[in-house]
Each structure stands twice: as structure tokens, then as C-alpha cells.
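Below: the structure, in C-alpha cells.
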Amino acid sequence: MSNKNESTSDKNTGEKKPRERSLNFIETIIEEDNKSGKHDGRVHTRFPPEPNGYLHIGHAKSICLNFGLAKKYNGKCNLRFDDTNPTKENEEYVRSIQEDVRWLGFDWEDRLFYASDYFEQLYEWAIKLIQDGKAYVDELTAEQTREYRGTLTEPGKNSPYRDRSVEENLELFEKMKNGEFPDGSRTLRAKIDMSSPNLNMRDPVMYRIMHAHHHRTGDTWCIYPMYDFTHGQSDSIEKITHSICTLEFENHRPLYDWYVENLGIFHPQQIEFARLNLSHTITSKRKLLDLVTEKFVDGWNDPRMPTISGLRRRGYTPASIRNFCDRIGVARFNSTIEMSWLEEAVREDLNRTALRVMGVINPLKVTITNYPEGQEEWRDAINNPEDKEAGTRKIPFSGELYIERDDFMEDAPKKFFRLKPGGEVRLRYGYFIKCEEVIKDDKGVVQELRCTYDPETAGGKAPDGRKVKGTIHWVSAKHSLPITVRLYDHLFTKEDPSEVEEGQDWRSNINPHSLTVLENCQVEPSLKDAEPDQPYQFERTGYFCLDSKDSLPEHPVFNRTVSLRDTWAKVQKKSK
RNA sequence: ACCCCGAUAGUGUAACGGUAGCACAAAACCCUUUGAAGGUUUCAGUCCUGGUUCGAAUCCAGGUCGGGGUGCCA
């Protein structure tokens with residue numbers, strides 16, 4: 001008979017332990033390795049980006065995973081640039097990648113490496129494989145190589161150059177290295193198995209000739225190693241224990257293993273996980289580059305981009321991104337995460353940290369007819385109800401205000417708690433006001449509201465105890481600061497941007513309304529000294545930050561990071 | 001067509017032969033000087049068919065569906 005309580009016998013200790021997230025499959029592997037002593041309990045990972053683009057949210061998942069695992073198991077994580085293709089890589093990307101990893105909050109300490117650091121060693125290993133009769137110089141053209149490789153269903157056939165002598169191969173490879181052959185005329189190939197069902201094992205190319213300038217090694221080399229001949233050995237050199245990569249490299253694992261085994265060097269374990277797919281956006285470096293070069297966005301760090309730099313400029317925080325990456329988990333099957341998860345993650349972080357301010361996005365003038373002419377007063381406002389330490393500030397009140405246009409309705413439904421003709425509403429930290437008169441222009445558009453205030457309700461409390469359901473934000477017209485606000489929506493209209501009509505491409509799914517610019521928004525004067533790194537919550541509207549690129553002291557521009565959750569919008573939608 | 005991998009509420013993940021759980025989304029309510037935040041509750045799931053077993057999400061077989069694979073890219 002089993003006793004149900006046996007397994008939870010420790011629950012009467014009275015301690016409320018934070019609920020531990022259960023292990024993901026990689027952590028399980030690591031813990032098994034640690035138990036069996038496979039690497040003496042050592043955990044060493046690496047983040048290996050190719051410097052051919054800016055980092056995006058998908059990379060953040062990998063960064064958090066690799067650095068996170070190292071931290072969790074008291075290990076190390078290297079940053080290594082996988083720079084084996086000089087025609088696509090450059091310094092700007094190297095710089096931005098380091099900046100982004102650091103910004104996310106991770107530190108590779110003194111372990112910044114480049115695959116190009118290992119070119120000499122890789123070259124020697126290539127020679128060893130030649131000497132062992134496991135590699136040969138091929139003279140097939142690229143097209144011929146393709147033909148000889150066979151297809152998914154038919155085996156390939158051996159290259160006529162496959163059985164050259166070791167000496168001849170050595171000599172030819174030397175000449176390749178010395179630049180005696182033009183690009184594309186020769187390759188060095190591993191001699192494995194042209195009939196393998198895994199195409200990667202059909203005598204994969206190890207080296208190709210490229211007379212190209214490398215951002216680090218300059219013109220030292222005119223032959224460059226392929227990814228497969230580089231990655232595993234780089235891991236091996238750095239004594240990486242767990243080499244974590246995305247699912248599309250799964251078919252490469254046998255080759256990864258083949259190289260380190262045939263070279264007789266330290267054998268790291270490659271582990272694949274599913275890359276992140278986010279709804280309503282793309283994480284293909286090539287397509288992101290297209291968005292930039294074709295000017296659909298304002299550079300790699302456009303706040304609509306899913307790049308780390310874009311998210312940063314948008315106002316996302318490192319903690320929110322780390323949290324997001326932790327929550328989405330890691331698995332071995334492809335999935336798409338809804339954008340709302342990312343948004344929820346920033347809201348959660350910003351709710352704790354953002355300073356509350358009054359900001360009116362779409363101003364509607366309100367004149368308080370019974371407020372003494374020329375009078376003004378400074379009222380106390382709480383900077384952050386989630387953080388007592390943040391203190392309070394003074395905000396100016398006067399007889400001429402701006403409120404949000406959406407906070408007034410002439411024909412209001414019952415559930416509308418804000419201002420309506422004859423109705424009363426609370427101005428946050430201010431007074432109750434009552435709408436007495438609606439002034440419109442010729443076209444019937446509301447121009448101004450004339451209201452009266454109740455001087456007894458200073459601070460928002462009514463001494464007679466009468467209740468007012470609605471509380472709205474406002475600014476004093478005389479004191480407020482005009483700013484520009486940029487609102488963002490999904491970059492793509494479809495959840496899956498690659499899903500297109502016939503004859504169209506992914507570009508047809510770009511959302512034409514992903515950016516809305518609002519001029520003449522009005523905010524409280526304290527925002528005069530805003531800095532891009534300081535997140536703000538415009539109360540009842542959303543989280544905002546100063547744009548780090550386009551904002552000028554005389555013309556502030558604020559980006560909306562994310563709106564607040566809007567239950568009213570839901571109610572409205574439902575009633576339609 | 002061939003090889004490899006995968007499939008658990010709407011979404012994302014856990015349960016490792018023994019009570020299918022958590023988060024986000026959705027819904028209802030409470031609270032509220034942010035229709036925010038917070039709190040309570042509800043809804044909702046093991047791809048299919050067989051087999052092994054006292055017992056299967058888990059092991060086995062077959063099927064279905066999805067992803068990856070024919071770069072001198074990574």
C-alpha cells in the first residue's frame with residue numbers, strides 16, 4: 001500500500017520554498033554527465049555567433065541558455081565568433097554582438113575567441129587527415145560536385161580524384177594554401193562515404209579556396225575551412241563539454257563526431273535544441289538584413305525589429321528578455337511563441353521599475369470654469385506604487401488642462417466610467433470634475449470641455465463619501481511639455497510571415513501600420529530631463545522610453561515599449 | 001520517394017512505468033485614486049491503431065502529421 005503523503009513528507013517544515021522549475025532536457029543530460037563523472041563534473045559551454053548580422057531574440061535564447069547553464073552548474077561560457085567565411089563577416093557585427101551580449105547581462109571574462117584564431121591548427125589537422133589517407137584534394141567543379149553527390153534517394157559516386165596518393169594530396173593542398181589556384185578550382189574533402197544516407201557524410205568539403213580579405217587574419221589565408229571542419233575542433237580546443245546548437249545541425253552531428261574522433265582530440269558533446277520562433281516577426285538574419293537594406297525599417301535597431309538592439313531602443317530591459325527566455329523553455333521540437341509572452345515579460349519587469357508619470361497622448365482641452373483665474377498649485381504624486389523608495393513628486397495643476405480624448409464620450413455606454421456630459425470623474429491626484437459643456441467645431445468634432453471642479457475633493461477624496469468610479473490622467477496645459485510619441489504594432493500582419501499568397505513573398509505580410517507617430521502629445525514637466533535608459537509608465541497608457549537616436553532636447557521623442565493591459569478595450573471589442 | 005528528428009489544454013512546457021501539473025492566453029468575480037498592478041475561481045490536453053504490463057503520455061510495432069537534410073553558407 002502506498003501512502004500518498006510519503007513523497008511530500010518534507011512539507012511540514014513550514015518553509016515555503018520557491019517552486020523550482022523542473023529540469024529541461026539539456027540540464028538532465030548535464031546532471032547525468034556530472035553524476036557519471038564524464039567531464040569530472042566540469043561544465044563548459046560557448047555562444048558561437050557568426051558575425052554576419054545583428055543578434056536577435058532567437059540568439060538571446062541561445063545566449064541565456066549557454067551562459068545560464070554555465071552559471072547554474074558553476075562552469076564557464078565562452079564567446080566565440082564563428083568567422084570562417086570572410087565574404088559575409090565584418091567588424092561592425094563583431095562589435096555589436098559583444099555589446100548586445102554584455103547588455104543582456106552576460107560576461108565571457110577573458111574568454112573571447114575567434115574560430116580564425118585556430119586557422120593554423122585547423123590547417124595542421126587537415127594535413128594529418130591527408131596523411132592518414134582520410135582527406136583528398138578534389139578538382140571537381142562546384143556543379144560536378146553536386147552531381148557526384150547523388151540525391152536524397154540515390155547514392156553519390158566517388159570523385160575521380162579521390163584516390164590520389166598522400167604525397168600528391170599534400171603537395172596540392174600546399175599549393176592551394178599558397179594561392180597557386182584560382183577560387184573554386186580545388187577543394188579539400190574528407191574521404192568518408194559517398195553512399196551514406198546522410199548527405200553530410202558524402203565526402204564533405206573541408207577547405208575551399210577564397211581569395212578574400214578576412215577581418216582578422218587579413219590576407220594571410222586564401223583557403224578557408226568550412227563550418228563542419230571548424231566548429232567541433234574549436235569546441236575541442238576550448239575543452240567545451242556541451243556544445244549546444246539548434247536543430248538544423250542535427251544531421252551534422254555524425255560529421256562533428258567523425259572529425260574529432262579521426263583527429264583523436266577531446267570530444268565535446270553536441271546537443272541540439274529547437275530555435276525560437278516568435279509570432280508576427282521574423283528571425284532570419286537574411287530577411288532582417290533585407291528589411292534594413294530595403295528601408296522597411298530604420299536600421300538594425302529600429303524599435304520594431306526583433307533584434308537585441310531594436311528591443312533595447314524600444315525600451316525592453318535585459319531582465320525582461322532573460323525572464324522571457326527562461327519561461328519559454330527548451331525542447332527538441334519546433335514551436336512558435338506568441339508575441340504576447342515577450343510583451344508580458346516586459347510589463348512584469350517595467351511594472352516594478354518604471355517611474356509613473358502623467359502623459360496625454362491625444363490631448364483634449366478641458367477648462368475648469370470655477371477654478372480661480374491665474375491660480376496654480378502643485379500636487380503630490382506617487383512615483384512608483386510598487387516601490388516605496390521611489391518617493392513622490394509634485395505635479396502642477398491649473399484651470400486649463402489636457403485630458404485623453406478617449407477619456408470622454410458624448411454617448412457613453414453604461415460601462416464607461418470616464419467623463420461624459422453631466423458626469424463626474426476623478427482627476428488622478430487632483431480633484432473631481434464634472435462636465436458641464438461640450439464645445440464642438442463646425443464639423444461636430446469636440447474641441448473643448450468646460451467643466452467645474454469640486455474644491456472639497458483635493459487629492460481625489462470626497463469628504464461626503466460620494467463615489468466616483470472613474471479616475472483619469474491629465475496635465476496642466478500651461479506647464480505641460482509637448483513631445484512626439486511613437487506607437488508600435490507588430491512588424492508583420494500574419495502570425496507566420498512566411499505564409500503567403502501565391503506569387504507573393506514574405507514582404508507582402510509587412511504591416512503597413514507598424515509605426516504610428518503622434519505629434520503634440522503633452523506630458524508633465526518632470527519629463528524634461530528624461531534619459532533613454534529610464535523607463536516610464538505614462539499612467540493608464542503604457543510604458544515609454546526616450547528614443548536614443550532621434551530625440552532632441554528641444555524635440556523629445558518617446559517610444560512606447562508596450563501598452564498597459566487594456567481591459568476596457570476588451571470590453572468594447574466584446575460588445576461590438 | 002530516401003535518411004534523421006519530433007508530436008501532451010488555444011500557446012509554451014513538466015511528469016523519466018504508478019494522482020496528467022505549471023505558466024501565458026481566455027472567462028467570471030473581488031479589490032482599486034492607473035479599467036494598471038494584485039487576489040480568488042473556472043474552462044481546457046496525452047496524434048491514431050494495435051501490442052507488452054496489475055498499471056502506458058512514458059516501452060514496442062505500424063500509421064498519420066510536422067520539421068530538417070541534395071551550399072565550395074553557418
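In what follows, chains carry the letters A, B, and so on, assigned in the order in which the sequence lines appear, proteins first and then strands, with residues in each chain numbered from 1.
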message: Using the six-membered base ring of B:G12, report whether A:Trp341 stacks on it, requiring centroids under 5.5 Å and planes under 30° apart.
response: no

Out of B:U11, B:G12, B:U34, whichever nucleotide has its closest atom nearest the side chain of A:Glu338: B:U11

- request: Measure from CG on A:Asn277 to P on B:G68 and round the result to the nearest Å.
  value: 10 Å

Partner nucleotide, any strand, of B:C24 [Watson-Crick/G-U, under 3.5 Å]: B:G10

statement: To the nearest angstrom, the NZ-P distance between A:Lys461 and B:U32 comes to 13 Å

query: Hey, are A:Asp203 and A:Tyr136 close enough side-chain-wise for a donor-acceptor pair under 3.5 Å?
result: yes

message: Tell me whether the ring of A:Trp568 lies stacked over the B:G35 base, given a 5.5 Å limit on centroids and a 30° limit on the plane angle.
response: yes

- request: Give the ring-plane orientation class for A:Phe492 versus A:Trp506, where under 30° counts as parallel, over 60° as perpendicular and anything between as tilted.
  value: tilted

- prompt: Which base, if any, makes a Watson-Crick or G-U wobble pair with B:C31, both distances under 3.5 Å?
  reply: none

task: Could you check which nucleotide pairs with B:A61 in any of the strands shown, counting Watson-Crick or G-U wobble with both distances under 3.5 Å?
output: B:U49

message: Going by purine N1 to pyrimidine N3 plus the second Watson-Crick contact, or the G-U wobble pair, all under 3.5 Å, which nucleotide sits opposite B:C54?
response: B:G18

message: Using atom C1' in both nucleotides, what's the gap between B:G66 and B:G17 to the nearest angstrom?
response: 28 Å

message: Going by purine N1 to pyrimidine N3 plus the second Watson-Crick contact, or the G-U wobble pair, all under 3.5 Å, which nucleotide sits opposite B:G66?
response: B:C5

query: What is the distance, rounded to the nearest whole Å, between atom CG of A:Leu122 and atom P of B:A74?
result: 12 Å

Residues A:Leu55, A:Tyr93; criterion side-chain contact (heavy atoms from CB on, under 4.5 Å); working and verdict: CA-CA 9 Å; A:Leu55 257 28; A:Tyr93 296 134; over 6 Å; no

- prompt: B:U40 and B:G45: how far apart are their P atoms, nearest whole angstrom?
  reply: 24 Å

- prompt: Does A:Ile382 offer a backbone N or O that forms a donor-acceptor pair with the side chain of A:Tyr429 under 3.5 Å?
  reply: yes

- request: Would you kindly give the CG-to-P distance between A:Leu278 and B:U11, to the nearest whole Å?
  value: 16 Å

message: From CG of A:Leu288 over to P of B:A74, roughly how many Å is that when rounded to an integer?
response: 20 Å

